[in-house]
Protein chains: 2
Amino acid sequence: MVVGEDRSGGHADEAQEVADRLHGAAIHLLRRLRTEDVESGLTAPRLSALSVIVFGGPVTLGELAAAEQVRPPTVSRLVRDLEQGGLVTVEPDDTDRRIRRVRATPRGSLLLIEGKARRVQRLAQDLRALTGRERRTLREATAILERILHPEGRPGPGGD
Amino acid sequence: MVVGEDRSGGHADEAQEVADRLHGAAIHLLRRLRTEDVESGLTAPRLSALSVIVFGGPVTLGELAAAEQVRPPTVSRLVRDLEQGGLVTVEPDDTDRRIRRVRATPRGSLLLIEGKARRVQRLAQDLRALTGRERRTLREATAILERILHPEGRPGPGGD
DNA sequence: CTGATTACTTAGCACAACTAAATATATTCG
DNA sequence: CGAATATATTTAGTTGTGCTAAGTAATCAG
């Protein structure tokens, strides 16, 4: 755990400090980006669930419940509402008719993808004001981040 | 998502690509950090309000309403609940007795600060596995980020 | 002092999201 | 077959957040 490898002569724990600032930056970043989400017309839980459905292929309600960490009834209603909005379709499983599989409609996928595009667009605009060097620093930083915190895991929702 | 950035000999839109990756990284980062928040026992609006109170010094209810972008009655109730939980205290203003100032209790501050520490701690641990050069890249990146997306805004809440 | 404004509260409504408990139905296994 | 198990739904209720409308109380402007 504690690896005193701070040879840079800085203060006690450089990692701690960078983590702290990174934390703040991520919060501010997403805070700004999230404002674009309102336009989707979906609430956060629905957006999150839709994301799992879009990127996670057809999923059963049970899987969705596990992914979203909610109880079955919550998912039932959630899916019903998404279905009513034309964003997902539900089909029975061929071999096990207890199971219902949820799949995103083209409209559901589009809504999510466009939402993300809106978010990213906003950020890209800010990035154009930077120097090439600064952008490269950001690029390198994201690569590092993705490496350390996304070894394996479920696809991230468009949530926040 | 964003791909074809190479077909015209150069980067069609480097900013767009970096934005896309940054977006993904921020989502994954907060996804990880946010799991720690559940332990606070507070809901997102309360956590956010408490953060404004803790870091924004004593604030009036009106200021809090403006910061959180909600109507006065919503804040009244929010503060009442926080007060009931022993996380904040409310005092009248000396010169203007219509005004009520909200201040965090030691327990309220501690809850927030420890919550943040929990979040950051996890990340700091990952960062210790990096080289000094990589950490420096991350540090520079956060500085750039904070600069472009936090020109002069209100203090950021610890919510996400 | 009177009237308008400001700061906040109270009361009541609506709604989203969650839950536990009680089903209904389908599958699996002894 | 029949019992246990698994999947999802329905029912009924809670919690939390937000709103508006209407009220109280303090301050300010004339």
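Quantities reported herein were computed from a predicted structural model and do not represent experimental measurements. Letters go in sequence order (proteins before strands), and every chain restarts at 1.
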- prompt: Taking CG from Leu61(A) and P from dT7(D), how many angstroms apart are they, rounded to a whole number?
  reply: 11 Å
message: Using a heavy-atom cut-off of 4.0 Å across all strands, would you classify Thr43(B) as base, sugar-phosphate, or nothing?
response: sugar-phosphate
message: Please tell me if Thr74(B) has a side-chain N or O lying less than 4.0 Å from either OP1 or OP2 of dC19(D).
response: yes
Qualifying salt bridge (Lys or Arg N to Asp or Glu O under 4.0 Å) pairs, either residue in residues 102-114 of chain A, two or more places apart: Glu91(A)-Arg103(A)
Within-4.5 Å side-chain heavy-atom neighbours: Thr60(B) and Arg100(B): no
query: Atom CG of Asp94(A) to atom P of dT7(D): distance rounded to whole Å?
result: 17 Å
- request: Kindly say if Arg71(B) contacts the phosphate of dT20(D), meaning a side-chain N or O under 4.0 Å from OP1 or OP2.
  value: yes
- request: Grab the CZ-P distance between Arg46(B) and dT15(D) for me, whole Å please.
  value: 11 Å
- request: Measure from CZ on Arg80(A) to C1' on dA8(D) and round the result to the nearest Å.
  value: 13 Å
- prompt: Using a cut-off of 4.0 Å on non-hydrogen atoms, how would the nucleic acid contact of Pro45(A) be classed: base, sugar-phosphate, or nothing?
  reply: sugar-phosphate
field: Atom-to-atom span, CG of Asp93(B) to P of dA25(D) - whole angstrom
entry: 19 Å
query: Whole Å only: how far is the CZ atom of Arg100(B) from the C1' atom of dT10(C)?
result: 13 Å
query: In terms of side-chain heavy atoms of Arg98(A), which of dG18(D), dT20(D), dA6(D) is nearest?
result: dA6(D)
- prompt: Tell me: CZ of Arg77(A) to C1' of dC15(C), nearest whole Å?
  reply: 12 Å
message: So, applying side-chain hydrogen bond (donor to acceptor under 3.5 Å, both in side chains) with Glu14(B), which one of Arg135(A), Arg136(A), Arg128(A) is it?
response: Arg135(A)
field: 5′-ward residue of the pair Pro73(A)/Arg101(B) relative to DNA chain C
entry: Arg101(B)
- prompt: Cut-off 3.5 Å, side chains only: do Glu83(B) and Thr89(B) have a donor facing an acceptor?
  reply: no
- prompt: Given atom CG of Asp96(A) and atom P of dA6(D), what is their separation to the nearest angstrom?
  reply: 12 Å
message: So does Leu87(A) get a backbone contact from the side chain of Thr105(A), meaning a donor-acceptor N/O pair under 3.5 Å?
response: yes
